[in-house]
Amino acid sequence: MTTPLPKPIIDLTGITKSFGTFQALKGIDATINEGEFFSLLGPSGCGKTTLLRMIAGFETPSSGTIMIGGRNMAGVPANRRPTNMVFQSYAIFPHLSVAENVGYGLKARKMPRAEIAREVERALNMVDLGGLGARAAHELSGGQRQRVALARALVMKPKVVLLDEPLSALDKKLRDQMQIELRQLQQKLGITFILVTHDQEEALTMSDRIAVMFEGRIAQLATPEELYRRPVDRRVASFIGVMNFLDARATGPINGHLALDIPALGSIALPSAQIPEGLDPGRLNSIGIRPEMLTILFDGNEQAEQVARGEVTGTAYYGDMTYYSVRLPGHAEDVTISMRNTAGRSIVPAGSTVPVGWGAESIVLFQ
Ligand code: ATP
């Protein structure tokens, strides 16, 4: 069986936005597909909310084109677009019932009452709140309120649901649960969801693809796995998870491999397939390696492709995992190594000299 080709639903071309002399978006090109869970991820002020509001029709681009479902959205007001925005749960009206909250948009569209009641119940069932329509909104828990906010968007039958940090007001445990619920609901409905978030964990766990934004530009648009394993630059690498950076330089090509000298770890020949497109080996100055890709070799039986030596300078115990700070020769900053606390593994105390295993495959090159 072949996987069907993704079908674009939103096409963004050359989008810029200026507020006075300040340029908030500096040329955004992206395609978002039907049925995709897509996230705009970046630090505060990078322009992600501005971009979402433009897709919704609350903001106009200074230049560029927004196509939704093959239609140019220039001049199309928010209420005529096949999109609907989910706001944070506190944006629901506390004095109205759940059903009145959810049916608000349909009432504004002058839909007959009986039909509104039917559509509201259908939307409430989607978010597992069936039968709770008569409740006052202020009687609901935080998670239930968030689901009302979602039902209020879904009742309008949008092709694209836009979510602006919808979970940020919830506590950590509820947020984790809602992330799973939202993702499951999106997959069940098959509607495109676009999420704005500054929380990399949230983006990684929920999205099919993520656009990482800095200062009005998309730095990388990729799947969560690609972003984590092959970040395009040091900024993306540091924003997504933890990355150890080590000085490195290329010493030359050898038989389809790139010879690398990494003073803190040793020398290695990297298969050329691992060299990212566009990277100039002459300008290579560092490598990145994730904490779980470095291994403390606990006894003589554990093996690794390459072995360096380091000194444990500190430990942080998390129950299932221990994070080690390890000093490698000639490297000023300690690296972080994460180790699973499996049976029989005791914690290595600070001051111990340990063999550190690593391998070519987990190395990311930066220039
Ligand atoms: P946050 O997570 O803090 O909301 P963001 O990435 O969503 O950040 P935006 O809200 O899109 O960022 O804002 C991008 C930049 O544009 C910010 O520097 C912001 O101050 C500026 N900006 C946004 N809206 C306006 C406006 N109406 N007038 C002037 N400047 C604005």
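Each ligand, and each atom within it, is numbered from 1 in the order the structure gives. Heads up: numbering here begins at 1 and tracks the sequence. On a predicted model such as this, the values are computed, not experimentally measured, just so you know.
Remark: Arg327 CZ is loosely packed, at most 12 non-hydrogen atoms of other residues, nucleotides or ligands lying under 6.0 Å away. Under a cut-off of 6.0 angstrom, the local environment of CZ in Arg235 is crowded, with over 12 non-hydrogen atoms contributed by other residues, nucleotides or ligands.
Of the options Ser44, Pro43, Gly45, the smallest heavy-atom separation from atom 14 (C) of ligand 1 is shown by Gly45. Among Met213, Lys48, Gln23, the residue whose heavy atom sits closest to atom 2 (O) of ligand 1 is Lys48.
Distance from atom 10 (O) of ligand 1 to its nearest protein heavy atom, with residue and atom name: Thr49 CB, 3.6 Å. Scanning all protein heavy atoms for the shortest distance to atom 31 (C) of ligand 1 gives Phe19 CD1, 3.3 Å. With respect to atom 9 (P) of ligand 1, the closest heavy atom belonging to the protein is Thr50 OG1, 3.5 Å.
For the pair Phe22 and ligand 1, the shortest N or O to N or O distance does not fall below 3.5 Å. Annotation: Cys46 places an N or O atom under 3.5 Å from an N or O atom of ligand 1; distance criterion only.
Side chains of Gln144 and Arg147: no donor on one and acceptor on the other come within 3.5 Å.
Put simply, no part of His198 is less than 4.0 Å from ligand 1, judged by heavy atoms.
Closer than 4.0 Å to atom 6 (O) of ligand 1 lies at least one heavy atom of the protein. Within 4.0 Å of atom 19 (C) of ligand 1, not a single protein heavy atom is present.
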Result block: side-chain N/O donor-acceptor pairs under 3.5 angstrom for residues 10-19, not counting sequence neighbours:
residue : atom : partner : partner atom : Å
Asp11   : OD1  : Thr31   : OG1          : 2.8
Thr16   : OG1  : Ser63   : N            : 3.3
Thr16   : OG1  : Ser63   : OG           : 2.6
Lys17   : NZ   : Thr60   : O            : 2.6

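Note on ring orientation: taking the six-membered ring where Trp is involved, the planes of Phe93 and Tyr104 are tilted (angle from 30° to 60°).
Taken together through direct or relayed side-chain contacts under 4.5 Å among Ile, Leu, Val, Met, Phe, Trp and Tyr, Val326 and Tyr317 form part of one hydrophobic cluster.
Using modelled atom types, one side-chain atom of Thr192 and one backbone atom of Gly35 make a donor-acceptor pair closer than 3.5 Å.
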